[in-house]
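Notes to accompany the following structure.
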Amino acid sequence: MVREQYTTATEGTHIERPDDQNVYKIGIYGWRKRCLYLFVLLLLVILVVNLALTIWILKVMWFFPTGMGHLRVNQDGLRLEGESEFLFPLYAKEIHSRLDSSLLLQSTQNVTLNARNSEGEVTGRLKVGPKLVEVQSQQFQINSKQGKPLFTVDEKEVVVGTDRLRVTGPEGGLFEHSVETPLVQADHSPELRLESPTRSLSMDAPRGVHIRARAGKMEGLSQKDIRLHSSDGMLVLDAETLCLPKLAQATGGPSGSSEGLYEICVCPDGKLYLSVADVGTTCQENSLVCL
Ligand SMILES: *[C@@H]1O[C@H](CO)[C@@H](O)[C@H](O)[C@H]1NC(C)=O
């Protein structure tokens, strides 16, 4: 502090005023004083610049009594109105969309949702990638609104719980192994084909096989023998006409020798039997089989 000149003289006491050289001067004079003024001036300048900078920062950063920029602090919490970027993890308990808009999560890379257990191991994962949507979990299930499982996948099986499973691709469905179903039916297509183009086809039903063509004919074509074999029952051809159009015809041989030849006889119920051939018919003699 700059002090006024202080003299050792005290009022009331008559002491001779000392000479000039005896005046004891306390204070800052000369270049020191100028330096001090300069310093005070510098301080003032710094103060002003500081104040201006503070005001500028407040203005640039949009400081308000309620918040900063697009960030508002109110009683319920924070409200950020602009676009926000979090470069590191963001911890939140819930994420909701606004009432009037949908929620969009997007990335040019994968978007992953992980479920972890208390040890931090991933127990379930949904990954949406540019080329692949991947679900990693023990079971994947889609339920209807009422809670009915519509599509369930686990390690053992895939269950489609919808009323109908439709495969619309032109190649149809491909099953590497068996297909188990109580009914195979043509839907809108006019015909149903059961085909094994390069191998055999077999139908096996221990309790009976019924083939029925209600309003059409039935045809069986085979390159080799057709064998109808019944181990316990009989073979019934139940039709008004029975034709064997290509039956070979005999062209006469040594007459009188009927050894090893038979004639076909028919019982009244249509049953056929063979009877040893003779000069005349022998059906009557052997008709006991008809009883
Ligand atoms: C995205 O996910 C796929 C499939 O899991 C993976 O192969 C790929 O490396 C992932 N990409 C990035 C950038 O993590």
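Both ligands and their constituent atoms are indexed starting at 1 by order of listing.
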Is Leu291 atom CG crowded by more than 12 heavy atoms from other residues, nucleotides or ligands, each under 6.0 Å away?
yes
Side chain to side chain donor-acceptor pair (under 3.5 Å) partners of residues 231-248, not counting sequence neighbours, each pair once:
none
So that I can tick it off, tell me whether Asp225 and Arg227 are bridged by a salt bridge, with the cut-off set at under 4.0 angstrom between side-chain N and carboxylate O.
yes
Does Asn110 use its side chain to pair, donor to acceptor, with the backbone of Thr112 at less than 3.5 Å?
no
Test Val49 against every option in Leu53, Ile46, Leu47 by the side chain to side chain contact (heavy atoms under 4.5 Å, CB included) rule and name the one that passes.
Leu53
Could you list each N/O atom of ligand 1 together with any protein N/O atom closer than 3.5 Å, one pair per line with the distance?
residue  : atom   : partner : partner atom : Å
ligand 1 : 2 (O)  : Asn110  : OD1          : 3.3
ligand 1 : 2 (O)  : Asn110  : ND2          : 2.4
ligand 1 : 5 (O)  : Lys127  : NZ           : 3.1
ligand 1 : 5 (O)  : Glu134  : OE1          : 3.2
ligand 1 : 11 (N) : Asn110  : ND2          : 2.8
ligand 1 : 14 (O) : Asn110  : ND2          : 3.4

Would you say Glu285 and Ser275 are linked by a side-chain donor-acceptor pair, where the criterion is simply a distance under 3.5 Å?
no
